[in-house]
Amino acid sequence: MASDKVVETVIAGNYVEMETEGQPKDVKSRLSSFLWHGGSVYDAWFSCASNQVAQVLLTLPYSFSQLGMLSGILFQLFYGLLGSWTAYLISILYVEYRTRKEREKVNFRNHVIQWFEVLDGLLGKHWRNVGLAFNCTFLLFGSVIQLIACASNIYYINDNLDKRTWTYIFGACCATTVFIPSFHNYRIWSFLGLLMTTYTAWYLTVASLLNGQMEGVKHSGPTRLVLYFTGATNILYTFGGHAVTVEIMHAMWKPQKFKAIYLLATLYVLTLTLPSAAAVYWAFGDMLLNHSNAFALLPKSPFRDMAVILMLIHQFITFGFACTPLYFVWEKAIGMHECKSLCKRALVRLPVVIPIWFLAIIFPFFGPINSTVGSLLVSFTVYIIPALAHIFTFKSSSARQNAVEQPPKFVGRWVGSFIINSFVVVWVLVVGFGFGGWASMVNFIHQIDTFGLFTKCYQCPPPLLPPLPPQQLNATAPSPLRHPHHGH
């Protein structure tokens, strides 16, 4: 108990000192602090919640059409719980690592701790290398998915340009995230991001209910194992947004307060994802199997346009969330991480954006790419590696006795946590990586065969679809075709 108190004083001491140093002295610095410098529990909650449910909100109805209503709801609840548990494990391992280092008088004032460094400090270089490889690849493709989503969404407002051209444009816009120094500086962005996804989720719910069920709608899912496990893996991806947990914790003044934040964020996210996915699936049923973006089926209206615009802004924010840890890794690799010049750091970060841009143009498969990334990368990065790392870090009795944080009583202390960790590893390895990997790769290859790489306009309507509304049919002259470049 005494050592626990000393440890807490060490961590809290550093952060209180930083807080007092950064206290605002005039109106300008007060405003800057209010909008820019976030390190509270609330900032961490907003960051976790807004990062967890970006464009996935638009693909969950597609997953429901693959899984069926009951499985869709159960998988969301199950993976939400599983994701919260592994986020808790990551937070425990971070505090353990940081405390050990601060006992050795290591100063993290200008250094952002990352997940691979936690693994290195606790378990050695082999764990570090595996963690670094999975984390960086996942974050890379997480950023790619945001770019694809931007192009997919803007198309429903302005279809004068094809989706590939929109990807070029948004790639340039998202490159500006190189100027955001760290997760301290996402205070206003994460707050706005959550408001945006909240609006979009309730727009999807209300618009679907008001639109009513389509004539002859069918809810035949699940029909095929490939589709079932693809849908399940997209939900695994939905609640696997904590590849940036360590960076969010490091941005907190008191990171030991993080423990329950991810669970609370997940509970809020479920109030957005469950009603919206269920309502859209209820209204459109099997039509969603060929429309992975929910916006594609809802009628055009000012409310839909507002939802699209808000999701575009949010995807820009989420791109920054996914890319910032990659910027840190790159800065550390070239020795620029502790440079205090923002412009120099922004300049050296630019090469990170280029491969993301390129991959988004090669694989513009909005929806199927989420499942593929979920099964092959999220399964290890977010579920398997944290669970195994917790087991191996505390496998000796001395490590368990000297642990900074003891497992809670309601999970059964160490024995209970080891059992839960073992279950997570086996379940995700077999169902998420095994069946999910097989299904999502089959689906992904099918998209390549159907649409081809570098496709200009993924899932765009062909020239004669959709049919013209009655008032335009009665017009004196036919409307010119506006999609000469589209089609499967």
Side-chain angles (χ1 to χ4, degrees), residues 1-16 41 44 48 81-108 111-128 130-132 135 242-264 380-426 428:
M1 281 301 290
S3 65
D4 284 3
K5 285 180 184 172
V6 172
V7 166
E8 191 161 344
T9 313
V10 168
I11 296 178
N14 279 354
Y15 278 83
V16 168
V41 170
C48 287
L81 199 60
L82 225 58
S84 299
W85 172 255
T86 51
Y88 163 75
L89 297 181
I90 291 171
S91 73
I92 294 297
L93 293 168
Y94 168 85
V95 171
E96 185 72 30
Y97 166 77
R98 185 177 179 114
T99 306
R100 289 184 191 181
K101 288 294 177 188
E102 286 184 345
R103 282 173 181 161
E104 296 165 14
K105 307 297 182 197
V106 176
N107 186 353
F108 293 109
H111 182 95
V112 176
I113 298 172
Q114 292 188 269
W115 176 229
F116 70 91
E117 292 167 318
V118 172
L119 290 173
D120 188 17
L122 296 176
L123 294 164
K125 66 178 183 178
H126 297 304
W127 282 81
R128 176 200 67 198
V130 171
L132 185 62
N135 220 34
H242 44 287
V244 294
T245 301
V246 170
E247 289 83 357
I248 291 172
M249 282 187 75
H250 191 81
M252 292 175 70
W253 303 130
K254 294 180 177 152
Q256 66 269 40
K257 289 187 175 179
F258 183 86
K259 282 174 283 188
I261 286 175
Y262 199 90
L263 177 62
L264 295 173
F380 281 94
T381 306
V382 168
Y383 296 96
I384 294 172
I385 293 174
L388 285 175
H390 190 266
I391 290 170
F392 281 93
T393 300
F394 299 109
K395 67 179 180 182
S396 70
S397 59
S398 61
R400 292 195 293 274
Q401 282 170 2
N402 298 321
V404 179
E405 299 266 0
Q406 298 288 325
K409 195 180 285 185
F410 68 84
V411 300
R413 295 295 188 192
W414 290 109
V415 174
S417 64
F418 285 164
I419 290 169
I420 296 170
N421 289 344
S422 304
F423 170 77
V424 170
V425 171
V426 172
V428 176

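All heavy atoms count here, side chains included; hydrogens, waters and symmetry mates do not.
With sequence neighbours excluded, no residue forms a ring pair (Phe, Tyr, Trp, His ring centres under 6.0 Å) with Phe258. Under the side chain to side chain donor-acceptor pair (under 3.5 Å) criterion, Ser396 pairs with Ser398, sequence neighbours left out. A search for ring pair (Phe, Tyr, Trp, His ring centres under 6.0 Å) contacts involving Tyr88 returns Trp85, not counting sequence neighbours. Residues meeting the ring pair (Phe, Tyr, Trp, His ring centres under 6.0 Å) test with Phe392, sequence neighbours left out: Trp127. Shown here are the side chain to side chain donor-acceptor pair (under 3.5 Å) partners of Arg100, two or more places apart in sequence or in another chain: Glu96. For Lys259, the side chain to side chain donor-acceptor pair (under 3.5 Å) test picks out Glu405, with sequence neighbours left out.
When Lys101, Arg103, Glu102 are each tested for a side chain to side chain contact (heavy atoms under 4.5 Å, CB included) with Thr99, only one passes: Arg103.
A distance of 13.0 Å separates CG in Leu89 from CD1 in Ile385, rounded to the nearest 0.5 Å. Atoms NE2 and CH2, from His250 and Trp115 in turn, are 15.5 Å apart once rounded to the nearest 0.5 Å. The CD atom of Gln256 sits 9.5 Å away from atom OH of Tyr94, with the distance rounded to the nearest 0.5 Å. Interatomic distance, Phe380 CZ to Leu388 CG, rounded to the nearest 0.5 Å: 9.0 Å. Note that CD of Gln406 is 9.0 Å distant from CD of Gln401, once rounded to the nearest 0.5 Å. With values rounded to the nearest 0.5 angstrom, Arg128 atom CZ is found 9.5 Å from Glu117 atom CD.
Annotation for Arg98 and Ile113: closest pair NH1-CD1, 3.8 Å, computed over non-hydrogen atoms. For the pair Lys395 and Arg400, the tightest heavy-atom approach, listed with the atom from each and the gap, is O-NH1, 2.7 Å. Nearest heavy atom pair, residue Leu122 against residue Leu93, reads CD1-O, 3.6 Å. Shown here for Ile261 and Ala44, the closest heavy-atom pair between the two residues is CD1-CB, 3.8 Å. The minimum heavy-atom distance linking Ala87 with Thr245 is given by the pair O-CG2, 4.3 Å. For Val425 against Ile384, the heavy-atom pair with the smallest separation is CG2-O, 4.1 Å.
The aromatic rings of His390 and Phe418 sit perpendicular to each other, their planes meeting at more than 60°, with 30° as the lower class boundary. Note: Trp414 and Phe394 have tilted aromatic rings, judged against thresholds of 30 and 60 degrees for the angle between ring planes.
Remark: side-chain polar atoms of Asp120 are not paired, donor with acceptor, to backbone N or O of Phe116 under 3.5 angstrom. The backbone N or O of Pro386 lies less than 3.5 Å from no partner atom in the side chain of Thr86, so there is not a single donor-acceptor pair.
Taking the side chain as every heavy atom from C-beta outward, Leu82 and Val428 approach each other to under 4.5 Å.
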